[in-house]
Amino acid sequence: MELARTSIGLVAAFTVPTAFDWHSRRPWYVIVFTLFYGALAVAPSGVGLKEVAVLFSLTLASACLALLKKPETWKLPSLLPAWKKIRPNSISTLRLSRMEYGAAIVGTLSILLPIYLGFDAGLRFVRRNILDNDQVIIVFSGMLIAVFGCQQVIGRVVRPLVEKILEKIKSKEFEEGVGDFIKAGPHVGWIERFILFVFLVSGNPAPAALVVTAKSLARFPEIQQAEKLVGDYYLVGTLTSVAVALVASGITRMALGMPPL
């Protein structure tokens, strides 16, 4: 199970940023997420030369993928602009005497110990029940792959249909509302695959089928008013999304030592 945890965790660390287009817009987010989630996946195995080499290689691959995407900027995100907006207001409203400053300092110091004790206990709880629990990490990583990591796969499958629909919107053959329908597709897919994954991993395929039915009923009026091309987009996208959830949940169950279905 340790190998399964590491493998699925590293796949999640590499693929999840692709769902948010971080490689093009926020490359540092890609590197940080890959590094930290990859470390979470390999750390329980012990931090040796092999683990460091794997983590470095994965992070380097993510950085190279970001370079290939030609990001808009490589500047590090900064909190300075937000602080500049907050600071003048905070300074103008706070006029404390020396006694009030002293009371504030003593009060802050007096609550540091309980905060530390609570944080330490919480950290030990998280480490014992989550970080050191292979099953939790396997399920969570599988969920990340199903919901976000496979977004690029689904996007590539429906891309030809999306391009045709966008061309028809640009030529005024389709209404602008069709564009809103297309934009909502990925977000609806995230929710759909999350619910499907939860039901399938827990061994309840019947409720998973109801989720797909409920989605079809909810979006049927919009599809009915649109052209056949939009209906094809919906059908292909839904079937691909369901297939992704099935594969990811099956692999996760096998990693947990259970049958795939």
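Computation of the quantities below employed the complete heavy-atom set of this structure, encompassing side-chain atoms and omitting hydrogens, waters and symmetry-equivalent molecules. What you see is a predicted model; the values in this text were computed from it and never measured. We number each residue from 1, following the sequence as shown.
- Under the 4.5 Å side-chain criterion, counting only non-hydrogen atoms from C-beta, M258 is not in contact with M254.
- One hydrophobic cluster, built from ILVMFWY side chains closer than 4.5 Å, holds both L144 and V242.
- Alongside L235, the hydrophobic cluster contains L239 (criterion: ILVMFWY side chains under 4.5 Å).
- Under the 4.5 Å side-chain contact rule for hydrophobic residues, V147 and V153 do not share a cluster.
- Distance check, rounded to the nearest 0.5 Å: OG1 of T238 to CD of E192 gives 5.5 Å.
- The CD1 atom of I145 sits 8.5 Å away from atom CZ of F197, with the distance rounded to the nearest 0.5 Å.
- Hydrophobic clustering of Ile, Leu, Val, Met, Phe, Trp and Tyr side chains at less than 4.5 Å, counting indirect connections, keeps L166 apart from I154.
- Taking the side chain as every heavy atom from C-beta outward, T6 and E51 never approach each other to under 4.5 Å.
- Note on residues 243-255: no pairs pass side-chain hydrogen bond (donor to acceptor under 3.5 Å, both in side chains), not counting sequence neighbours.
- With values rounded to the nearest 0.5 angstrom, R5 atom CZ is found 8.0 Å from I138 atom CD1.
- Side-chain atoms of R156 and Q151 include no donor-acceptor pair closer than 3.5 Å.
- Side-chain contact check for V230 versus Y234: every heavy-atom pair is 4.5 Å or farther apart.
- R193 contributes a side-chain N or O that, together with a main-chain N or O of A146, makes up a donor-acceptor pair within less than 3.5 Å.
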Pair up each side-chain donor or acceptor in residues 8-21 with any protein partner under 3.5 Å, not counting sequence neighbours, and list the distances.
residue	atom	partner	partner atom	Å
T15	OG1	V11	O	2.8
T18	OG1	T15	O	2.4
D21	OD1	S24	OG	3.3

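- Under a hydrophobic clustering in which Ile, Leu, Val, Met, Phe, Trp and Tyr are joined whenever their side-chain heavy atoms come within less than 4.5 Å, directly or via other members, F181 and V157 fall into the same cluster.
- A donor-acceptor pair under 3.5 Å is formed between the side chain of S171 and the backbone N or O of K168.
- Taking the six-membered ring for Trp, Y37 and F33 have ring centres closer than 6.0 Å.
- Separating the CG atom in L196 from the OG atom in S241 is a distance of 6.5 Å, to the nearest 0.5 Å.
- Atoms CD1 and CD1, on I182 and I169 in that order, are 6.5 Å from each other to the nearest 0.5 Å.
- The structure places CG of N204 at 11.0 Å from CG of L210, a figure rounded to the nearest 0.5 Å.
- Residues V198 and F140 share a single hydrophobic cluster, defined by chaining ILVMFWY side chains whose heavy atoms lie under 4.5 Å apart.
- The minimum heavy-atom distance linking G38 with L55 is given by the pair C-CD1, 3.4 Å.
- Checking side-chain atoms of S57 against main-chain N and O of A53 turns up a donor-acceptor pair under 3.5 Å.
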